[in-house]
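Here's the structure we're looking at; comments come further down.
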Amino acid sequence: MEVIGDLPRELFLEILLRLPVESLMRCKCVCKYWYALISNPKFIELHLKYNCNNNVCVLLKRCLLTCLGERENMLSLVCSSGFSFINLDVDLSLYKKEPCLQLLGHCDGIICLSNYRDDIVLCNPATRETMVLPESCLPCYSSISNLIPQTSALGFGYDSRTHHCKVVRIISYWEERSGSGLPHHSRVEVYSLATGSWKELNVKVPAHVWYSPCFETYFNGAFHWYAIDDNRNEVILSFHMGNEEFQVIPMPSALSLYDYSMCRSLFVWNGRIALVIYPRKGIEKSFQIYVMKEYGVRESWTKILTIGPLTKVEMPLAFWKNDEILMEGSDGLVVSYNLKTQELKDLPIYGVPKSFATLVYINSLVSVKGGNRVLDGDNTGENVSSPVTFFFSSLPIIKTDDLLLKSLLLLHFPCLFR
């Protein structure tokens, strides 16, 4: 069995897979071997898979007030251990003081941000890598003179067919003096990290995306928005990243007619779509939670429970650890509600009211420029005994300094030296 320092290669790999991204980025500077190892697409995939099973966090976007009274966006990571959180040092100069910064989605450690006007940015907060997407392939004007184009929806998710992430954009064209409140028509384009370019889709958008706080959600290979159909019924509009087709998912039968006094938020809870309905205004609010037990089937919507009434709570932010739900308080604090004990707990996280947005997030080494994925199976055509064997078979055999390795272990695994 080959060794690195005085450790077998397999054990060395298992240790590296458990290190945070920041430590791995520093380790790439140790020697050529470590750089090749940590940059290898198979290692990136194995590290992502380990974090998916062990290190799921919540990424929180909020606004803070500077000493001059200006709003400044901040990204923070909420960890599972005691609800601790850290502020992320990400260079988002394009959006640092953007009041309409939207947190669109998360895929393999990459997040998508936009101001819903011209700019869309992909960012890996762990590696601090960012990329501004190229301009839209659709013209910024309409062939009909009295129609005004506007980005009405953006979504971000993973295409399991191409093994790359995609961004979908819906541009709606509105009449200048329309009294209907609905767009004249819409066009759709998709950006793929596999091609690095936009393309327009020849598809009809079956419903009109409407804003609802904390609703836009990626699940089951599709991105979901709150929408209104032509009959003014509330629906969920989904776009499948693989086949690039839309689907209309009906709301629970009791909620099909649009009601401005109530808000709807959409989440993923215990592997299913969960819909939370609550009043838009009020000192005390109750939160009704519906779960869609069979995806896309209206009759499968089931009301699971009602939270509250709760005072000084504005809206839900994210389901957390299956029995906790993060919520925004009316005073700008983040609170946690335990579904089992019904206990409401203040967290030491604050921001400008109604500036919060969250994503369930996983740290990774995945690059925003793509090229990280290894296709399923062995692409050499030879049988391999394990992912570890396949991984090491493509790397050169280079001994590294035993002192460097032990320093790394002592930093992250001091219990090995007691």
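By convention here, the first residue in the shown sequence is residue 1. Only heavy atoms go into these numbers, but all of them, side chains included; no hydrogens, no water, no symmetry mates.
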Could you grab the distance from atom [atom1] of [X] to atom [atom2] of [Y], nearest 0.5 Å is fine?
X: Leu17; Y: Leu48; atom1: CG; atom2: CG; answer: 11.0 Å
X: Leu64; Y: Ser355; atom1: CG; atom2: OG; answer: 7.5 Å
X: Tyr211; Y: Tyr226; atom1: OH; atom2: OH; answer: 12.5 Å
X: Ile236; Y: Glu234; atom1: CD1; atom2: CD; answer: 10.0 Å
X: Leu59; Y: Tyr361; atom1: CG; atom2: OH; answer: 6.5 Å
X: Leu193; Y: Leu122; atom1: CG; atom2: CG; answer: 6.0 Å

> Does Asp323 have any side-chain contact (heavy atoms from CB on, under 4.5 Å) partners at least two apart in sequence or in another chain, and if so, which?
Replying inline: Lys321, Asn338, Lys340
> Quick one: side-chain contact (heavy atoms from CB on, under 4.5 Å) partners of Glu328, sequence neighbours excluded?
Replying inline: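 Applying side-chain contact (heavy atoms from CB on, under 4.5 Å) to Glu328 gives Met315, Leu317, Pro353, Lys354, Phe356.
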Do [X] and [Y] have side chains that get closer than 4.5 Å, going by heavy atoms?
X: Arg264; Y: Ile277; answer: yes
X: Leu275; Y: Pro252; answer: yes
X: Phe156; Y: His106; answer: no
X: Met25; Y: Thr127; answer: yes
X: Lys293; Y: Arg272; answer: yes
X: Cys112; Y: Ile120; answer: yes
X: Tyr50; Y: Ile362; answer: no
X: Ile325; Y: Met327; answer: yes

> Does NZ belonging to Lys303 count more than 12 external heavy atoms closer than 6.0 Å?
Replying inline: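 Result for NZ/Lys303: enclosed.
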> Quick check: are there more than 12 heavy atoms from other residues, nucleotides or ligands sitting under 6.0 Å from OH of Tyr295?
Replying inline: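 Atom OH in Tyr295 is packed in, count exceeds 12.
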> Side-chain donor-acceptor pair under 3.5 Å between Arg298 and Ser253, yes or no?
Replying inline: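 Looking only at side-chain atoms, Ser253 and Arg298 do not form any donor-acceptor pair under 3.5 Å.
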> Any luck finding a side-chain donor-acceptor pair between Asp230 and His208 under 3.5 Å?
Replying inline: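 Note: Asp230 and His208 side chains meet the donor-acceptor criterion.
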Side-chain donor or acceptor of [X] paired with backbone N/O of [Y] under 3.5 Å:
X: Lys166; Y: Met241; result: yes
X: Ser192; Y: Ala194; result: yes
X: Trp210; Y: Trp225; result: no
X: Asn124; Y: Val366; result: yes
X: Thr217; Y: Leu266; result: yes
X: Ser367; Y: Lys369; result: yes
X: Ser114; Y: Asp119; result: yes
X: His240; Y: Phe223; result: no

Grab the two heavy atoms, one from [X] and one from [Y], that are nearest each other, plus how far apart they are.
X: Ile170; Y: Val188; answer: CG1-CG2, 4.4 Å
X: Ala207; Y: Ala227; answer: CB-CB, 3.9 Å
X: Met262; Y: Arg280; answer: O-NH2, 3.7 Å
X: Leu24; Y: Leu19; answer: CD1-O, 3.8 Å
X: Asn73; Y: Cys63; answer: OD1-SG, 3.2 Å
X: Gly296; Y: Gln247; answer: CA-NE2, 4.2 Å

>> Quick test of your reading of the model: are Lys199 and Glu189 salt-bridged, counting only N-O distances below 4.0 Å?
In response: no
> If you measure from the Lys or Arg side-chain nitrogens to the Asp or Glu carboxylate oxygens, is any gap between Glu72 and Arg62 under 4.0 Å?
Replying inline: no
> Does the side chain to side chain contact (heavy atoms under 4.5 Å, CB included) test come out yes or no for Val276 and Gln288, once each step is laid out?
Replying inline: CA-CA 6 Å; Val276 183; Gln288 303 173 55; over 6 Å; no
For [X], what residues pass the salt bridge (charged side-chain N to carboxylate O under 4.0 Å, His left out) criterion, not counting sequence neighbours?
X: Asp229; answer: none
X: Glu245; answer: none
X: Glu135; answer: none

> Angle class for the Phe219/His224 ring planes (parallel below 30°, perpendicular above 60°, tilted otherwise)?
Replying inline: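 It falls in the tilted class, 30° to 60°.
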> Does the side chain to side chain contact (heavy atoms under 4.5 Å, CB included) test come out yes or no for Val121 and Val368, once each step is laid out?
Replying inline: CA-CA 9 Å; Val121 170; Val368 299; over 6 Å; no
>> Tell me whether the NZ or CZ atom of Arg169 lies within the 45° cone about the ring axis of Trp198 and under 6.0 Å from its centre.
In response: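 Yes, a cation-pi geometry holds between Arg169 and Trp198.
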>> For Tyr278 together with Phe287, are the ring centres under 6.0 Å from each other?
In response: yes
> So, Phe239 versus Phe246, ring centres under 6.0 angstrom or not?
Replying inline: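 Phe239 vs Phe246: aromatic centres under 6.0 Å.
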> Between Thr306 and Ser286, does a side-chain hydrogen bond (donor to acceptor under 3.5 Å, both in side chains) hold up when you go through it step by step?
Replying inline: CA-CA 7 Å; Thr306 298; Ser286 295; over 6 Å; no
>> Show, in sequence, the C-alpha distance, side-chain angles and deciding distance for Ile38 and Leu365, and conclude whether the side chain to side chain contact (heavy atoms under 4.5 Å, CB included) test is met.
In response: CA-CA 9 Å; Ile38 296 168; Leu365 290 160; 4.0 Å; yes
> With sequence neighbours left out, what residues match Thr195 under side chain to side chain donor-acceptor pair (under 3.5 Å)?
Replying inline: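 Side chain to side chain donor-acceptor pair (under 3.5 Å) check on Thr195 returns Ser197.
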>> Pair His163, Tyr158 - check side-chain hydrogen bond (donor to acceptor under 3.5 Å, both in side chains), show working.
In response: CA-CA 7 Å; His163 300 275; Tyr158 179 68; 3.2 Å; yes
> Which is it for Glu343 and Tyr337 under the side-chain hydrogen bond (donor to acceptor under 3.5 Å, both in side chains) test, yes or no, and what are the steps along the way?
Replying inline: CA-CA 6 Å; Glu343 179 185 3; Tyr337 181 83; over 6 Å; no
>> Let's go through Val190 and Leu201 carefully: what are the C-alpha distance in whole Å and the side-chain angles of both, what is the deciding distance for side chain to side chain contact (heavy atoms under 4.5 Å, CB included) to 0.1 Å, and is it a yes or a no?
In response: CA-CA 7 Å; Val190 170; Leu201 302 182; 3.5 Å; yes
> Does the side-chain hydrogen bond (donor to acceptor under 3.5 Å, both in side chains) test come out yes or no for Ser336 and Glu324, once each step is laid out?
Replying inline: CA-CA 6 Å; Ser336 173; Glu324 297 273 350; 2.3 Å; yes
